[in-house]
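I have placed the structure first, in the form of structure tokens, so that the comments after it can refer back to it.
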Amino acid sequence: MINYLPSRILTMAQKNTKSTLLDLETYKLARKMADEYGLSILDVLEKATERLHKKVFFQALNNDFLKLTRVNEVWKQENKRREILGINLRNGENL
């Protein structure tokens with residue numbers, strides 16, 4: 001059983017948390033990371049979730065960009081649109 005200090009209970013209540021079950025290995029790894037980095041298990045899980053979300057987002061964005069560049073005609077149209085709008089492809093700034 002895990003004992004929380006009263007201040008920790010208040011902090012968790014303020015964050016409007018929900019309970020979730022973890023398998024034992026995931027819990028042990030999260031506990032180890034929390035101890036190593038001086039964080040709570042909740043903080044470790046939040047940071048891991050945020051990182052996974054960003055990773056998946058940027059992978060999907062990259063895949064979409066690769067698909068766009070592979071379809072030559074569509075890519076030509078996109079470049080023409082950017083040229084008309086004055087977008088510099090090297091830095092994303094308007095010309």
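Hydrophobic cluster membership of M33, counting Ile, Leu, Val, Met, Phe, Trp and Tyr whose side-chain heavy atoms lie under 4.5 Å apart directly or via other members: L29, Y37, L39, V44. Through side-chain heavy atoms spaced under 4.5 Å, either directly or across other Ile, Leu, Val, Met, Phe, Trp or Tyr residues, L52 is tied to V56.
A salt bridge (Lys or Arg N to Asp or Glu O under 4.0 Å) check over residues 71-80, counting only residues at least two apart or in different chains, returns the pairs E78-R81, E78-R82. Among residues at least two apart or in separate chains, ring-ring contact (aromatic ring centres under 6.0 Å, His included) pairs with a member in residues 45-66 are F65-W75.
Legend: residues meeting side chain to side chain contact (heavy atoms under 4.5 Å, CB included) with N63, ordered by chain and number and at least two apart, are absent. With sequence neighbours left out, the side chain to side chain donor-acceptor pair (under 3.5 Å) criterion links Q77 to no other residue. Taking the side chain to side chain contact (heavy atoms under 4.5 Å, CB included) definition, one finds that E50 meets it with nothing, sequence neighbours left out. N62 is linked by a side chain to side chain donor-acceptor pair (under 3.5 Å) to nothing, counting only residues two or more places apart in sequence or in another chain. Listed by chain and residue number, E36 satisfy the side chain to side chain contact (heavy atoms under 4.5 Å, CB included) test with K32 (two or more places apart in sequence, or in another chain).
Shortest non-hydrogen contact noted between Y27 and I41 is CE1-CD1, 3.4 Å. For T26 against L22, the heavy-atom pair with the smallest separation is CG2-CD2, 4.2 Å.
A salt bridge is defined here as a Lys NZ or Arg NE, NH1 or NH2 lying under 4.0 Å from an Asp or Glu carboxylate O, and D43 with K47 fails to meet this definition.
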